[in-house]
Each structure stands twice: as C-alpha cells, then as structure tokens.
J.: 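Dropping the structure in here first, questions after.
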4 protein chains.
Amino acid sequence: MARGNTRQRIQDVALELFAEQGYEKTSLREIAEVLDVTKAALYYHFKTKEDILISLFQDLTRPMDELIEWGRTQPHTLETKQEILRRYSETLVAASPLFRFMQENQAAMRDLSIGETFKDRMMRMLELIKEPEAALADQVRCISALFTMHAGMFVLRDMEADPEDKRQAVLEVAIDLVSQAHHVTH
Amino acid sequence: MARGNTRQRIQDVALELFAEQGYEKTSLREIAEVLDVTKAALYYHFKTKEDILISLFQDLTRPMDELIEWGRTQPHTLETKQEILRRYSETLVAASPLFRFMQENQAAMRDLSIGETFKDRMMRMLELIKEPEAALADQVRCISALFTMHAGMFVLRDMEADPEDKRQAVLEVAIDLVSQAHHVTH
Amino acid sequence: MARGNTRQRIQDVALELFAEQGYEKTSLREIAEVLDVTKAALYYHFKTKEDILISLFQDLTRPMDELIEWGRTQPHTLETKQEILRRYSETLVAASPLFRFMQENQAAMRDLSIGETFKDRMMRMLELIKEPEAALADQVRCISALFTMHAGMFVLRDMEADPEDKRQAVLEVAIDLVSQAHHVTH
Amino acid sequence: MARGNTRQRIQDVALELFAEQGYEKTSLREIAEVLDVTKAALYYHFKTKEDILISLFQDLTRPMDELIEWGRTQPHTLETKQEILRRYSETLVAASPLFRFMQENQAAMRDLSIGETFKDRMMRMLELIKEPEAALADQVRCISALFTMHAGMFVLRDMEADPEDKRQAVLEVAIDLVSQAHHVTH
DNA sequence: CATGAATGAGTGTTCATTCAT
DNA sequence: GATGAATGAACACTCATTCAT
C-alpha cells in the first residue's frame, strides 16, 4: 500500500486542493488528512509548504520551457506563431489544473518567488508571438490571445459542449488574434 | 480627529491592501495599523472581514449594474454592443483596483458568497454582447473581449505608454472581437 | 415612547437574558439590541455589567430579607417554620426568574461579591428553620427543603400539571422535611 | 519530560478549574499556563474547548450509566431503590468535582449538547426511583432525593464534620424521601 | 519512512468599558 | 438621556514548522 510513491501522491493531492481552494486556504493538515498521513510526513518529502508548490511548477512548466526553447530556433513567421499556439494549447490541456491554479491565485503567488518566474515565461512567450515593434493594439491582441487560452478552459466549464470542441474554439480565437496582429504589422 | 470618514478610510486601505497582497494574506491587524486605529475599531464599522469586502463590492459594482440595466433596454445591434463596451471601459478605469483584485483572487473568493454574485453579473454582460445562438468560437470571442478588458490594464502596467492610450488599445481589441462575433452570426 | 422607565426595562431584559443564557454568556450588546438602544445607554443607568445584576438582586431579595426579619421576631415553633416556608414559597413564585438564575449560575457568581451576600441569606434562612443542635441528617433535611423549593419550579417545568399544584406539592415536601427535622430533635 | 500522560493532565487541570471558576470563565490560556505548555498543545489533544468538557463527561458518567443499566434489570422494590441510592452515593463521591461543576454551571451547559445528555440520564435515574403513577408530591420527593445527593456534598463543605458522616447523612435523607414516596403509593 | 508531541506566531472576533458630544 | 466612535485586553482557534524517537 505505502510504496515509494508518497511524494507523487502529495503533489497530486496538493495540486487538486490548491486549485480548488487556493494556496492560502489549503492547509498542510488538510493535505495530510486526505492522504491519511501525518503532517510531519509531508516534511519528510518537502522542506516547506512553498516547496510543494515549487515542485508542482517545475514538473509542469517543463513542457512550456521546451516550447519556448523550440520557438526561439524557428523563424518569426505567422506559421511558426500558429504552430506555437497549437502546441501551447496541447500543453495547457495536460497541465490544466496548474494553470487554473495560477490563473486564480495570482495575488497569493506574488511574493512566492515563483511569481516572477512565471511572469518571465509569459513574457518570453509574448516575445515569440508579437512583432518587435507592434502597435499597442496588436500587443494587446497577443496578450489577449495568451490570456484567452489560459482562462478559456475553466470559464467554459459550465457550458455544455465537447471539451475538445471548446479547446479548438479557444485555439481558433487565439490564432485569429495573433494573425491579425501579425498581418497588421507587415 | 475622529471625523465621520473612518468607514471610508477603512474601505480605501482595505481595497489597496487586498489588491496588493490578496484577501487572505491581508490581516485586519495590518489594515488597522495603516489606519492607526485598533482592530476593534474596524469591528465598529464592519461586522466581519468579509463584510469589508462585500461593502467594496457594493460600492464599486453599482455602475456595472446600471450599465447592464441600460443595455437591457437597448436594441441588440452592433452599435449598442460597441457602446456597452465603451461605457464598460470607463467603468473599469474608475474601479480598476477592485477589478484587479477580483482578477487575482478568484480562488479566495470562490466561497465568499460574492463569487456567484460576480459570476452572475459577468454572465449578464455576456448576454448583452453575444448573439443568442452564436457559434462556440464567437462565444469565446465575447468572453475574451470581457476578459481582455478586465485584465488588460494591470497586465499592461509595466509597459511604458500613456494610460489613456492603453485603454483605447484594449477597447479597440475588445470591440474588434465583439464585432467579429456579431458579423459572423448575421 | 422613551419614558423614564428605561432603567426598569434594562432590568427586565437583563434578568430574562441572564436567566436564559447565563450571566457570562449574555453580553451588553445583546441587552442593548433587544432594547433597541446603544450599549453606551446602559452605562448611563448602570456603572457596570455587574451593577445591573446587583440591582436585580436588591429589588428581588427585599421580600426575602423582610421574611427573615419577620421570622426572627417569631417563636421557634414548628408552626412558625411552616409559615415561613409558606411565605417563602410565595416569594419564590414572584421572583422565580431570579432564583432560576441563581440556581443555574452559582459558579459565575462566586466572585461577584453577591455570592456571599446570597449564601449569607440562605444561612440565615437555615437558622430559622433548623434546630440549633440538630443532628446532621436533620440539618440536611432543612437544607434539602430550601433546595427543593428553589429548584422545584424549573425542574418540574417539563411536567404537565397546573403550576399552582406543583407549587403546593413542592411546598408539601419542604414542610414535611422540616417537620421531620423538628420532630426528631424534640 | 513529555510522557503520554499529557492528555490526562489536561483533563485533571481543566476539571479543577472548570469546577472552581466555571466553564466560561476558565480560559484555555489559564489551563495551559498551569500545565506549563502552550495553548496549541491543548489543541493537539482536544479538538475544541468543549471537547475537553465532553471528554470529562464521558469518563465520569460511565459509572452512572452502569448503575442505570443495573437498575433496569432489578425488580422495582423499595430495597432496589435504596440500593440504587447507596451505589449512587458512592459514585458521586468519586466524581464529585464533576457533579459540583454540573450543579453550578447549568446555565453554561444548556447549549453545550451535553446538557440534554445529562438531563436524560437524570430522567432515567428518576424512572428507577419513582413509582410510575406517583402523586405529584411523591414525584417531588424523588427529584428532591436526587438533588439532595448532588448538592449535599458541597453545600455541606463549610460544616465541620467527617466527610463520610456527611455522606451518610445525605444518603439517609435521600433514602427517607424515596421510601416515603414508595410507601405512599402502595 | 514516518509519527507523536509540541511550539510560537498569528488569525478573526467579542467584550466591557470610556468619553466627547 | 443617550449616541457614535473607539479602545485594550482577552478569547478560541489555526497554521507552518520542528524534532526526538
């Protein structure tokens, strides 16, 4: 029953609770109770509460980093941008609880050292997607595209529709926005 | 010394701190300290911590309610939708700290009774802006328009540009999105 | 509406709430709310919370004091004792909320300066009722008689019976106890 | 230093303080100070303040429950009733601080969920002791017998006499009362 | 690997009381 | 006679964290 997977189970439960209730409102006691271990056990696997969050980040943002790295090697064409969005969309599906969490806990994360980390990443994504000297409105379009993809999923959760259809719709809008921004500039 | 403005001052400080640090991480002690009164004084003016938040909401969402009411009396034309966005943009400027707060504290607010209240309002805004039987992508466009307006301001804070210019750019993108969604349907 | 009877109304409400919830658990805020005045208003009429309680005592124990005074002037016969109990029974009916309060809040009153006052009175009642050199069991009988009268009313509250019948039954038992104690001694 | 007896020590100190000062007026800080631990330590052993009280109850009312159970299996004779009172008297000696506490904190306990529990138990004791269709006065006698036993000890505390003698005197009066109630009915 | 026991700092909240008006 | 505004001290309770075993 108690295999060496405890660390993983802590991460799973923590992510679920963090996403559902927020980071601040989720106590280690609660996590421990769900896992049916003591709080002290958590401290065997993680140095602090924040450490659990950091570990979630590291596991889940790797795909995002890889995508950014890939994007950097590509030419700045519209096709590349579209492909980046497509890949990003798939990344988001896989890591959706984390992104939901980040979307909804921005304030809580501000001083968590990770905040900057994530903002940085967003900025680098933005660099890949927008033209260097884009007009203000086009910059907004690119930001909006990213935001739309982040928020899209859970805002649409109430809506009755096939999840994959929703994802495609969100992706379509994002690609549209970036395309307009690209087109206008050239 | 003790003028009748204490209640107002509490609201001001609370909003500032809530927006900056998040609701959970802002303690009443902190608010009281900034105001140089005791915690108990806060309780003379507000029944609970949540009550302070609620009062902020009520003061700041009134313009939004009035806008929704006005929208309901208008014909569902593109011009109306654009005018709604224009007015909404102005509303948001006035209440921007509150909207920043809401944007960044969604998790914290989930069970705060107000969450639903606000979600409702967003849904009603959405009804004014989207066509009843719009395609999925067009619905996303309308949602994205609202989100863009909410988030736009503080996401752009780092960017060096005239605030009014930024607002106009955000508004332009939002109007674009809604126009596309409108156009497609007809 | 607001006549000079506020002091009286405070006493009435306070007694009711003290009896119902206990002294400690009844706050001045609560009393003030029931009366629809501010807490500060209570302080116009009474120096402290304890003062309210003291005033209730003074108003309601006067009959008891008079009874004790009368008893002192009478011969120590069984008839006198029985008459004392009869009169005491009537006194108790009139002041029943206060006695219920005292019965149920002994701990709370211990250090309230009044505790002693009341214990004293009980002792003086006891002197009137028991023989000076009574056997231990007879002393217990007399104490039991007083206790029975105090507690009788509210313990019997659930029981379906005419209140006056209950009072008579309680009185009968008390008289019996004291009579036995009297008889045994002589 | 930290042996496994902390829980027990908390109960001991709590009972002593509750009995002495009342439940409401005894703070967890005070209990913790006497034990020379932090308040938080109390919360490791008990979920709430009320929980401490409940645990005291459960430990101390078990003998009473056993007595009631035993009484149920016996014939409803006068001898049985007398034996019940005798056993009850011994039970009370062992748990006297708790009973003193209950006697003096009735108001405080009213809404403590345990109030009813205890009232129930008293009622079941009463059933064992009184005749089913007893006259009102005889019912009062039985109630009075129980009350006398409860209150007897601490009311007599001031009186200079051997504790065991006092207990016997109280028991004698209680048996007398129940006997009279029994006799009258048959 | 994990627990039992505990801590120190903090939380939101309530209270009796005061006092200028 | 009474209020509005505030205080200081306390309260029950929770939290992340530690450490010997």
Side-chain angles (χ1 to χ4, degrees), chain A residues 2-7 10 24-32 35-52, chain B residues 1-7 10 23-32 35-52, chain C residues 2-7 10 23-32 35-52, chain D residues 1-7 10 24-32 35-52:
Chain A
R3 277 222 319 295
N5 59 346
T6 303
R7 195 189 146 93
I10 293 172
E24 313 278 358
K25 291 184 69 168
T26 302
S27 69
L28 295 184
R29 177 179 55 66
E30 210 174 349
I31 296 174
L35 289 167
D36 201 35
V37 294
T38 53
K39 271 186 295 176
L42 305 183
Y43 279 89
Y44 179 80
H45 295 281
F46 298 94
K47 275 215 312 284
T48 67
K49 186 187 180 186
E50 190 174 347
D51 233 51
I52 300 179
Chain B
M1 184 174 279
R3 282 225 310 296
N5 60 344
T6 302
R7 194 190 146 94
I10 293 172
Y23 176 73
E24 313 278 0
K25 290 185 69 168
T26 302
S27 71
L28 296 183
R29 177 182 52 71
E30 208 174 349
I31 296 175
L35 290 167
D36 200 37
V37 294
T38 56
K39 272 188 294 171
L42 305 183
Y43 279 90
Y44 178 77
H45 295 280
F46 298 93
K47 276 215 307 283
T48 65
K49 185 186 180 187
E50 189 175 349
D51 231 51
I52 300 180
Chain C
R3 279 220 318 294
N5 59 346
T6 302
R7 195 189 146 91
I10 292 172
Y23 176 73
E24 313 277 359
K25 291 184 72 167
T26 302
S27 69
L28 295 185
R29 177 180 54 69
E30 209 174 349
I31 295 174
L35 289 167
D36 201 34
V37 294
T38 54
K39 270 184 297 175
L42 304 183
Y43 279 88
Y44 178 80
H45 294 281
F46 298 93
K47 273 214 315 282
T48 67
K49 184 186 179 188
E50 189 174 348
D51 232 51
I52 300 179
Chain D
M1 184 175 276
R3 279 226 313 295
N5 59 343
T6 302
R7 194 189 146 95
I10 293 171
E24 314 276 358
K25 290 184 69 167
T26 302
S27 71
L28 295 184
R29 177 182 54 69
E30 209 174 348
I31 296 175
L35 290 167
D36 198 36
V37 293
T38 56
K39 273 188 293 172
L42 306 183
Y43 279 91
Y44 177 77
H45 295 280
F46 298 93
K47 275 216 307 284
T48 65
K49 185 186 180 189
E50 188 175 348
D51 230 53
I52 299 178

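No experiment lies behind these values; they were computed from the predicted model shown. Throughout, a chain's letter reflects where its sequence line sits, starting with A, and its residues are numbered from 1. Basis for what follows: all heavy atoms, side chains included, without hydrogens, waters or symmetry-related copies.
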J.: Any side-chain N or O of D:Tyr44 under 4.0 Å from OP1/OP2 of E:dA5?
T.: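 For D:Tyr44, the contact criterion (side-chain N or O under 4.0 Å from OP1 or OP2 of E:dA5) is met.
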
J.: If the cut-off is 4.0 Å, is D:Arg29 near the phosphate of F:dC11, judged by side-chain N/O to OP1 or OP2?
T.: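 Looking at the OP1 and OP2 atoms of F:dC11, one of them is under 4.0 Å from a side-chain N or O of D:Arg29.
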
J.: Can you check whether B:Glu24's main-chain N or O pairs, donor with acceptor, with A:Lys25's side chain at less than 3.5 Å?
T.: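 Not at all, since once roles are kept as given, no pair shorter than 3.5 Å links the two residues.
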
J.: Is there a side-chain contact between B:Leu42 and B:Leu35, using heavy atoms and a 4.5 Å cut-off?
T.: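 Side chain of B:Leu42 against side chain of B:Leu35, heavy atoms only: contact under 4.5 Å found.
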
J.: Please compare A:Lys47 and D:Ala40 by the position of their nearest nucleotide in DNA chain F and report the one closer to 5'.
T.: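 The 5'-side residue here is D:Ala40.
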
J.: Any strand is fair game: report the nucleotide pairing with F:dT21 by Watson-Crick or G-U wobble, both distances under 3.5 Å, or none.
T.: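 When the pairing criteria are applied, E:dA2 turns out to be the nucleotide that pairs with F:dT21.
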
J.: Counting heavy atoms from C-beta on, name the nucleotide in F:dA2, E:dA6, E:dG12 closest to the side chain of C:Thr38.
T.: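 Per side-chain heavy atoms of C:Thr38, the pick is F:dA2.
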
J.: Does F:dA12 have its OP1 or OP2 closer than 4.0 Å to a side-chain nitrogen or oxygen of D:Thr48?
T.: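 So the side chain of D:Thr48 is outside the cut-off, no N or O lying under 4.0 Å from OP1 or OP2 of F:dA12.
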
J.: Tell me: CZ of A:Phe46 to P of F:dT18, nearest whole Å?
T.: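 Rounded to whole Å, this separation is 16 Å.
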
J.: Let me know the distance between CG of B:Asp36 and C1' of F:dT7, rounded to the nearest Å.
T.: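 Going from B:Asp36 (CG) to F:dT7 (C1'), I get 12 Å.
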
J.: Between B:Ile10 and B:Val37, is there a side-chain heavy-atom distance shorter than 4.5 Å?
T.: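 When only atoms from C-beta onward are counted, B:Ile10 and B:Val37 do not touch, as no gap falls below 4.5 Å.
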
J.: For the pair made of NZ in C:Lys49 and C1' in E:dC15, what is the distance, rounded to whole Å?
T.: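 Interatomic distance, NZ of C:Lys49 to C1' of E:dC15: 8 Å.
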
J.: Under 4.0 Å between a side-chain N or O of D:His45 and OP1 or OP2 of E:dA6?
T.: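 Result: yes.
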
J.: Pick the closest DNA chain F nucleotide for A:Tyr43 and for D:Glu30 by heavy atoms, then say which residue is nearer the 5' end.
T.: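 Whichever sits nearer the 5' end wins; that is D:Glu30.
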
J.: Within this structure, what is the CG-to-P distance between D:Leu28 and E:dT7, rounded to whole angstrom?
T.: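 Rounded to whole Å, this separation is 14 Å.
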
J.: Please state whether the base of F:dT3 and the side chain of C:Lys39 form at least one donor-acceptor pair under 3.5 Å?
T.: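 There is none.
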
J.: Would you kindly give the CD-to-P distance between A:Glu24 and F:dC15, to the nearest whole Å?
T.: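 Distance, rounded to whole Å: 12 Å.
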
J.: Rounded to whole angstrom units, what separation is found between the CD atom of B:Glu50 and the P atom of E:dT11?
T.: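 After rounding, the reported distance stands at 18 Å.
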
J.: If we ignore hydrogens and angles and just use 3.5 Å, is the side chain of C:Lys49 paired with the main-chain N or O of C:Thr26 as donor and acceptor?
T.: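 Yes.
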
J.: Rounded to whole angstrom units, what separation is found between the CG atom of A:Leu42 and the P atom of E:dC1?
T.: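 After rounding, the reported distance stands at 15 Å.
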
J.: Which is more 5' along DNA chain E, the nucleotide nearest D:Ala41 or the one nearest B:Ser27? Just name the residue.
T.: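 On the 5' side of the pair lies D:Ala41.
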
J.: Send over the distance from D:Lys25 NZ to E:dT14 P, rounded to a whole Å.
T.: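 Rounded to the whole Å, the gap is 21 Å.
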
J.: Any idea which heavy atoms bring C:Tyr43 and C:Thr48 closest together, and the distance?
T.: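 Heavy-atom minimum between the residues: CE2-CA, 4.2 Å.
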
J.: For F:dA2, does either OP1 or OP2 sit under 4.0 Å from a side-chain N or O belonging to C:Thr6?
T.: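 Answer is yes, contact under 4.0 Å.
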
J.: Using both distances under 3.5 Å as the test, list the Watson-Crick or G-U wobble partner of E:dC15, or none.
T.: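 Result: F:dG8.
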
